[in-house]
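See structure below.
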Amino acid sequence: QVQLVESGGGLVQPGGSLRLSCAASGSIFSINTMGWYRQAPGKQRELVATITSGSSTTYADSVKGRFTISRDNAKNAVYLQMNSLKPEDTAVYYCNADIIRLDYHLYTDWGQGTQVTVSS
């Protein structure tokens, strides 16, 4: 069983910063692409950023230039540095990982989410 656990969410004022972390544990051989998604009330879940095992990144247009995704392969962890936060960034943030299990099965796993609230 593989588990993804997010941390670092909270309440922050507009213009502030937060750093989200997500660590994977369990029967992992390796991890390919990792990413962050978010879901605001009344909206569909949307992609925020992704990072490959070779550290190639993609970003949603709405966060480009403000957010930075990174990873630590030795720790099976992915991070999201969020700067210049806006109220529109308020959402539950979920980490995502394409995992190769020890039995070489490839599947996608999700964390349970961490709340980010941007408000004065």
Side-chain angles (χ1 to χ4, degrees):
Q1 180 68 41
V2 175
Q3 185 177 48
L4 300 180
V5 179
E6 301 102 333
S7 63
L11 175 64
V12 65
Q13 295 186 50
S17 298
L18 284 174
R19 181 177 174 85
L20 305 184
S21 300
C22 175
S25 61
S27 303
I28 300 169
F29 177 77
S30 65
I31 302 177
N32 291 336
T33 301
M34 305 184 79
W36 289 94
Y37 289 70
R38 67 186 182 186
Q39 187 166 25
K43 302 187 69 175
Q44 294 186 342
R45 188 174 298 186
E46 64 176 352
L47 185 145
V48 177
T50 65
I51 183 167
T52 68
S53 60
S55 296
S56 178
T57 60
T58 63
Y59 296 92
D61 288 341
S62 59
V63 307
K64 196 170 299 181
R66 300 188 297 120
F67 291 10
T68 302
I69 188 171
S70 61
R71 65 189 287 167
D72 185 337
N73 291 329
K75 297 180 179 179
N76 288 329
V78 62
Y79 309 94
L80 187 68
Q81 178 66 46
M82 304 184 294
N83 299 326
S84 302
L85 282 162
K86 305 175 181 179
E88 307 94 273
D89 296 318
T90 296
V92 177
Y93 284 69
Y94 300 88
C95 68
N96 165 279
D98 294 329
I99 296 169
I100 302 176
R101 219 161 56 190
L102 290 178
D103 62 1
Y104 301 104
H105 178 67
L106 175 64
Y107 73 102
T108 300
D109 204 2
W110 293 84
Q112 292 186 314
T114 184
Q115 177 71 48
V116 172
T117 302
V118 185
S119 180
S120 298

Crowding at CD, Gln112 (>12 non-hydrogen neighbours, <6.0 Å): no
Within one Ile-Leu-Val-Met-Phe-Trp-Tyr cluster: Leu47 and Trp110, side-chain cutoff 4.5 Å: yes
Nearest non-hydrogen partners of Gly113 and Glu6, listed with the distance: N-OE1, 2.9 Å
Derivation and outcome, side-chain hydrogen bond (donor to acceptor under 3.5 Å, both in side chains), residues Ser17 and Asn83: CA-CA 4 Å; Ser17 298; Asn83 299 326; 2.9 Å; yes
Donor-acceptor contact below 3.5 Å, side chain Thr90 vs main chain Val118: yes
Thr50 versus Thr58, side-chain donor and acceptor atoms under 3.5 Å: yes
Hphob cluster co-occupancy, Tyr107 + Tyr104, side-chain heavy atoms under 4.5 angstrom: no
Criterion side-chain contact (heavy atoms from CB on, under 4.5 Å) on Leu80 and Thr68, from CA distance to verdict: CA-CA 6 Å; Leu80 187 68; Thr68 302; over 6 Å; no
From Trp36 atom CH2 to Cys22 atom SG, the distance as rounded to the nearest 0.5 Å: 5.0 Å
Aromatic plane relationship, Tyr93 with Phe67 - under 30° parallel, 30 to 60° tilted, over 60° perpendicular: tilted
Full working for side-chain contact (heavy atoms from CB on, under 4.5 Å) between Asp109 and Gln3: CA-CA 8 Å; Asp109 204 2; Gln3 185 177 48; 5.9 Å; no
Distance in Å, Ser30 OG paired with Ile100 CD1, rounded so as to fall on 0.5 Å steps: 3.5 Å
Salt-bridge present (Lys64, Asp61; N to O < 4.0 Å): yes
Polar side chain donor-acceptor pair, Arg45 to Tyr37, under 3.5 angstrom: no
Beyond-backbone contact of Val12 with Thr117, side-chain heavy atoms, under 4.5 angstrom: no
Derivation and outcome, side-chain contact (heavy atoms from CB on, under 4.5 Å), residues Phe29 and Arg101: CA-CA 5 Å; Phe29 177 77; Arg101 219 161 56 190; over 6 Å; no
Distance-minimising heavy-atom pair for Gln115 and Val92: OE1-CG2, 3.3 Å
Stacked cation flag Arg19 on Tyr79, 6.0 angstrom / 45 deg: yes
Option from Asn96, Thr33, Ile99 for which side chain to side chain contact (heavy atoms under 4.5 Å, CB included) with Thr108 holds: Asn96
Distance-only polar pair, side chains of Ser53 and Asn32, donor-acceptor under 3.5 Å: no
Interatomic spacing from OG in Ser70 to CD in Gln81 - rounded to 0.5 Å: 8.5 Å
Linked, directly or transitively: Ile28 and Met34 (ILVMFWY side chains, under 4.5 Å): yes
Single-linkage hydrophobic cluster Tyr59~Leu20, side-chain heavy atoms < 4.5 angstrom: yes
side-chain contact (heavy atoms from CB on, under 4.5 Å) between Ser119 and Leu11, intermediate numbers included: CA-CA 7 Å; Ser119 180; Leu11 175 64; 4.2 Å; yes
Shortest non-hydrogen separation from Ala24 to Ile31 and the atoms involved: CB-CD1, 3.9 Å
Any Lys43 side-chain heavy atom under 4.5 Å of Arg38 side chain: no
Shared hydrophobic cluster, Ile51 / Val63 (ILVMFWY, side-chain heavy atoms < 4.5 Å): yes
Student check: side-chain heavy atoms of Asp89 and Arg66 closer than 4.5 Å: yes
